[in-house]
Amino acid sequence: MALIKPFPCVRPAEGMADKIAALPYDVYDRKEAKEKVLGDENTFLRIDRPETQFPDEQDMYAPEVYQKAAQLLEADINAGKYIRDEKRTYYVYELTMDGRTQTGITAAASVDDYLNGVIKRHENTLAAKEQDRIRHIDTLSAQTGPIFLAYREDPVILEAVARAKQQQALYDFTADDGIRHRVFQITSEEDTKAIQEAFARMDGIYIADGHHRAASAVKVALKRREEDPDYTGEEEFNFFLSVLFPDKELKILDYNRVVKDLNGMEEESFLCKMKELFEVSELEGDPHPAHKGEFSMYLGGKWYKCCVRPEDQSEDPVKGLDVSILQDVLLGPVLGITDPKNDPRIAFVGGIRGLGELERRCSLDAKAAFAMYPTDIQELLSVADAGLLMPPKSTWFEPKLRSGLFIHEF
């Protein structure tokens with residue numbers, strides 16, 4: 001049983017959504033973030049990455065940096081850039097990219113559901129990466145970046161969403177990257193009740209993207225509980241900001257790998273080794289892998305088609321993933337990359353950058369690249385249902401949810 005609640009939202013005032021909405025804080029490095037906010041007094045990235053308001057030598061994790069984020073948000077609210085919806089409601093958030101649309105419900109998800117496994121993970125988190133968002137959430141007393149959740153498609157929710165989209169949109173804009181964003185409010189009490197009851201019938205909700213943001217929100221909630229031993233469980237800090245999408249509308253892009261060296265081997269001997277481990281042939285035409293069990297390799301200025309041998313395939317939901325097979329058959333035993341999360345000899349390139357980026361990296365600082373067939377959303381659900389974890393960087397979701405459109409205060 002999942003508790004997915006409507007909530008009182010802080011959101012952009014009329015005419016401000018396109019000016020405020022920003023890509024997630026973690027898609028930029030420090031230099032990129034500072035360049036992005038330069039001269040822009042509205043973008044939410046100023047609040048998400050408050051170190052951009054300080055000199056470059058400033059410790060970006062110092063208390064005064066997070067206090068600056070709180071000051072900026074308060075100032076923007078006081079300036080009328082945001083409004084507070086007093087009534088608890090759900091919001092419909094529609095994103096359209098390259099002609100494909102996905103529509104989610106913006107809501108507050110239960111911290112206890114995360115702790116008891118109703119909200120299921122498929123990745124581990126790094127404590128060091130959590131600390132930044134813990135401080136950000138705790139200082140602002142607000143969650144500002146929604147967690148991307150998935151659920152198995154439900155007809156009751158689909159019908160309620162369709163009715164909401166017949167109303168006038170609260171926001172309707174196309175961002176600089178060509179992605180259209182539309183937001184609607186669920187105004188019907190009947191639909192609100194139906195949506196909440198539909199989620200309550202579900203055995204599982206799945207984190208698609210935002211594992212670190214979710215873990216950080218949960219740890220802030222646990223901290224607040226310690227500070228207030230008389231908490232009831234109804235306080236807003238017991239819930240975290242989320243957008244929930246039906247599984248059938250989601251598309252996962254490839255998450256590709258580049259390696260800095262061949263572990264002492266020359267290209268020719270490495271290619272021979274590859275042919276021992278996989279069915280390898282030179283590629284002509286489109287180098288994108290055509291199906292599961294196939295990946296492409298860029299080596300020495302050429303693309304190769306690589307097929308997994310039957311003996312390396314597995315019915316296990318994790319071991320059977322293409323990214324797992326690449327790791328278990330090649331990256332670990334041959335290239336010596338046994339800890340891909342922390343090994344500096346491997347880098348990960350999201351599929352949104354295209355395969356040309358893999359070729360570019362091999363001309364600069366890498367010896368070989370591997371273009372993967374995308375992990376399927378049903379594979380993700382199967383891994384999470386089994387209580388297992390995927391290898392690092394197994395999924396890349398597009399389009400990215402914008403920050404600043406919805407803020408959950410507590």
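Nothing fancy with the numbering, it's 1 onward along the sequence. From a predicted model like this one, the values you see are computed outputs, not experimental measurements.
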Considering only NZ, NE, NH1 and NH2 on the basic side and carboxylate oxygens on the acidic side, decide whether [X] and [Y] come within less than 4.0 Å.
{"X": "Lys31", "Y": "Asp56", "answer": "no"}
{"X": "Lys251", "Y": "Asp98", "answer": "no"}
{"X": "Arg84", "Y": "Glu409", "answer": "yes"}
{"X": "Lys5", "Y": "Glu234", "answer": "yes"}
{"X": "Arg345", "Y": "Asp261", "answer": "yes"}
{"X": "Lys36", "Y": "Asp40", "answer": "no"}
{"X": "Glu226", "Y": "Lys223", "answer": "no"}
{"X": "Arg224", "Y": "Glu235", "answer": "no"}
{"X": "Asp172", "Y": "Arg180", "answer": "yes"}
{"X": "Arg225", "Y": "Asp112", "answer": "yes"}
{"X": "Asp385", "Y": "Lys120", "answer": "yes"}

Residue list, side chain to side chain contact (heavy atoms under 4.5 Å, CB included) with Ala62, at least two apart or on another chain: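 Residues passing side chain to side chain contact (heavy atoms under 4.5 Å, CB included) with Ala62: Gln58, Asp59, Glu64, Val65.
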For a quick test of your reading: what N or O donor-acceptor pairs under 3.5 Å do the side chains of residues 13-26 make, sequence neighbours left out?
residue: Lys19; atom: NZ; partner: Gly15; partner atom: O; Å: 3.0

For residues 265-277, run the donor-acceptor check on the side chains, cut-off 3.5 Å, and write out each pair with its distance to 0.1 Å, sequence neighbours left out.
residue: Ser269; atom: OG; partner: Glu266; partner atom: N; Å: 3.2
residue: Ser269; atom: OG; partner: Glu266; partner atom: O; Å: 3.0
residue: Lys273; atom: NZ; partner: Glu276; partner atom: OE1; Å: 3.4

Does a side-chain heavy-atom distance below 4.5 Å link [X] with [Y]?
{"X": "Phe370", "Y": "Leu326", "result": "yes"}
{"X": "Thr106", "Y": "Leu241", "result": "yes"}
{"X": "Phe148", "Y": "Phe397", "result": "yes"}

Within 6.0 angstrom of Glu227 CD, more than 12 heavy atoms from elsewhere: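 Yes, enclosed.
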Arg353, CZ atom: more than 12 neighbouring heavy atoms under 6.0 Å: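 Open: at most 12 neighbouring heavy atoms sit under 6.0 Å from CZ of Arg353.
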For the side chain of [X] and the backbone of [Y], is there at least one donor-acceptor N/O pair under 3.5 Å apart?
{"X": "Asn256", "Y": "Met372", "value": "yes"}
{"X": "Thr52", "Y": "Arg49", "value": "yes"}
{"X": "Ser324", "Y": "Gly320", "value": "no"}
{"X": "Arg152", "Y": "Ala150", "value": "no"}

Pairs where residues 388-399 contributes a residue and the test side-chain hydrogen bond (donor to acceptor under 3.5 Å, both in side chains) is met, not counting sequence neighbours: Trp396-Glu398
Worked verdict on Ile147 versus Phe240 for side-chain contact (heavy atoms from CB on, under 4.5 Å): CA-CA 8 Å; Ile147 315 305; Phe240 57 85; 3.6 Å; yes
Check: Thr101/Glu249 side-chain N/O donor and acceptor closer than 3.5 Å: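 Side-chain D/A pair, Thr101 to Glu249: absent.
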Residue pairs, two or more places apart or on separate chains, that pass ring-ring contact (aromatic ring centres under 6.0 Å, His included) and touch residues 158-202: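 Non-adjacent pairs meeting ring-ring contact (aromatic ring centres under 6.0 Å, His included): Tyr93-His181, Tyr151-Phe199, Phe173-His181.
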Residue pairs fulfilling ring-ring contact (aromatic ring centres under 6.0 Å, His included) with at least one residue in residues 97-125, sequence neighbours excluded: His122-His211
